[in-house]
Trainee: 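Starting off with a structure, shown below.
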Amino acid sequence: MEKVLVIGATGLVGSTLLDTNSDKYQLLGTYNNNPKQGLIHLDVTNKKEVSEVIERVSPKIIIDAHVYKNMDLCETQPEKSWNVNVLGSKNVWEVCNKIGAKYIFISTDSVFDGMKSLYTEDDVTSPLNVYGKNKEEMENILKASNSDYIIIRTSSLYGNRSSCGKVSFIQWLNEEIKKGSVIQLINDQYTTPTLVDDLADIILDLCEMNSFGIFNIAGPDCVTKYDFALNICKEFDLDSSILKPISHLKINQIAIRPKRVKLSLNKIYNLIQRYPIDIKNGLKILHSGIIL
């Protein structure tokens with residue numbers, strides 16, 4: 001079986017990938033700050049360690065799912081954000097080139113400013129915040145190279161597991177509703193929630209197809225956080241009466257977010273002959289495995 005090394009395997013994307021059944025790939029993973037049995041320690045900002053670990057494992061494919069993602073912290077800690085999101089990824093990619101492995105980079109819809117109604121893989125990027133600019137910078141490094149890469153642009157991932165010690169949004173929402181708390185959720189910024197299990201499956205499909213280039217992989221429904229929570233309440237039979245819509249202007253968002261980003265899914269549909277899973281069916285899949 002071909003070895004696939006998942007960088008950042010304690011995060012939502014990475015841990016889901018490791019749990020994905022594959023009869024073709026031997027999936028291995030790394031961690032940095034969250035030790036887990038069976039994973040390999042790797043600090044992506046340490047170039048020497050990156051080289052040693054990757055050359056020792058000698059994978060055929062590397063899926064780079066590590067990330068410093070909190071947009072507001074990226075804005076207030078730009079040096080740390082750059083070190084992890086750009087330098088760290090560049091370190092991994094350079095060793096990929098050295099050993100002749102395919103490099104798969106997990107990017108974001110935040111490389112766009114939300115001024116268009118629909119974004120294709122070929123549209124010019126124009127990020128509004130530090131996190132988006134970091135991802136854009138790494139994308140540009142890949143696009144300017146002659147290396148074997150895939151860029152995955154995705155959005156608002158959700159699933160049934162905790163990530164790096166944090167509860168999932170569904171778990172958090174359930175607990176807050178149980179407390180009877182008034183829950184204020186933004187209702188004027190739109191994204192496309194994406195089932196992380198579906199994303200993982202499609203990424204491995206792309207590996208098997210030996211695909212190359214940029215791919216938008218995100219849910220087809222463009223909704224606000226408030227709308228998404230209403231969908232969760234409906235599926236899991238939770239009391240939605242304490243959910244209150246609020247404008248992003250009334251909360252302390254340090255990083256500027258685009259008002260609405262929707263990714264075109266035509267390219268991935270033409271390749272795998274299906275669209276990523278929508279919110280209704282994604283939540284049904286999760287509900288079959290979750291008891292709240």
Trainee: Would a line drawn from the ring center of Phe112 to the ring center of Tyr119 be shorter than 6.0 Å?
Mentor: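 Under 6.0 Å, so yes.
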Trainee: Using the ring of Phe169 (Phe, Tyr or Trp, six-membered ring only), decide whether Lys225 places NZ or CZ under 6.0 Å from its centre and within 45 degrees of its axis.
Mentor: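 Relative to the ring axis of Phe169, which defines the angle, Lys225 lies inside both limits.
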Trainee: Assess whether side-chain hydrogen bond (donor to acceptor under 3.5 Å, both in side chains) is satisfied between Asp19 and Thr16, documenting all intermediate values.
Mentor: CA-CA 5 Å; Asp19 287 344; Thr16 304; over 6 Å; no
Trainee: Between Glu137 and Lys90, is there a salt bridge with N-O shorter than 4.0 Å?
Mentor: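 Result for this pair is no, no salt bridge flagged.
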Trainee: Please find out if less than 6.0 Å separates the ring center of Phe228 from that of Tyr158.
Mentor: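 Distance test on ring centres: under 6.0 Å, yes.
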Trainee: Assess whether side-chain hydrogen bond (donor to acceptor under 3.5 Å, both in side chains) is satisfied between Gln77 and Ser81, documenting all intermediate values.
Mentor: CA-CA 6 Å; Gln77 301 172 7; Ser81 180; over 6 Å; no
Trainee: Kindly say whether Ile104 contributes a backbone atom to a donor-acceptor pair with the side chain of Asp64 at under 3.5 angstrom?
Mentor: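 Checked: no pair found.
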Trainee: Going by the angle between their ring planes, with limits at 30° and 60°, are Tyr275 and Tyr269 parallel, tilted or perpendicular?
Mentor: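 Rings of Tyr275 and Tyr269: parallel, under 30°.
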Trainee: Show, in sequence, the C-alpha distance, side-chain angles and deciding distance for Ser264 and Asn216, and conclude whether the side-chain hydrogen bond (donor to acceptor under 3.5 Å, both in side chains) test is met.
Mentor: CA-CA 7 Å; Ser264 170; Asn216 293 338; 5.3 Å; no
Trainee: Using modelled atom types and a 3.5 Å cut-off, is there a donor and acceptor pairing between side-chain atoms of Arg260 and backbone atoms of Pro258?
Mentor: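 Absent.
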Trainee: Do the two ring centres, one from Tyr149 and one from Phe105, sit under 6.0 Å apart?
Mentor: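 Ring-ring flag for Tyr149/Phe105: false, centres at least 6.0 Å apart.
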Trainee: Charged N to carboxylate O below 4.0 Å: is that the case for Lys284 and Glu235?
Mentor: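 Looking at Glu235 together with Lys284, the answer is yes, because their closest N to O distance falls below 4.0 Å.
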Trainee: With a cut-off of under 6.0 Å to the ring centre and 45° to the axis, is Lys259 in cation-pi contact with Tyr190?
Mentor: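 Output no; distance or angle outside limits.
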Trainee: Tell me whether the rings of Phe236 and His287 are parallel (<30°), tilted (30 to 60°) or perpendicular (>60°).
Mentor: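 Ring orientation of Phe236 relative to His287: tilted.
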Trainee: Give the C-alpha distance, both sets of side-chain angles, the deciding distance and a yes or no for side-chain hydrogen bond (donor to acceptor under 3.5 Å, both in side chains) between Thr45 and Asn83.
Mentor: CA-CA 6 Å; Thr45 66; Asn83 284 338; over 6 Å; no
Trainee: Quick one: does Ser58's side chain have a donor or acceptor within less than 3.5 Å of a partner on Glu55's backbone?
Mentor: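 Answer holds: no.
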Trainee: Starting at CG of Leu173, measure out to OG of Ser240 and round the result to the nearest 0.5 Å.
Mentor: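 Reported to 0.5 Å precision, the distance equals 9.5 Å.
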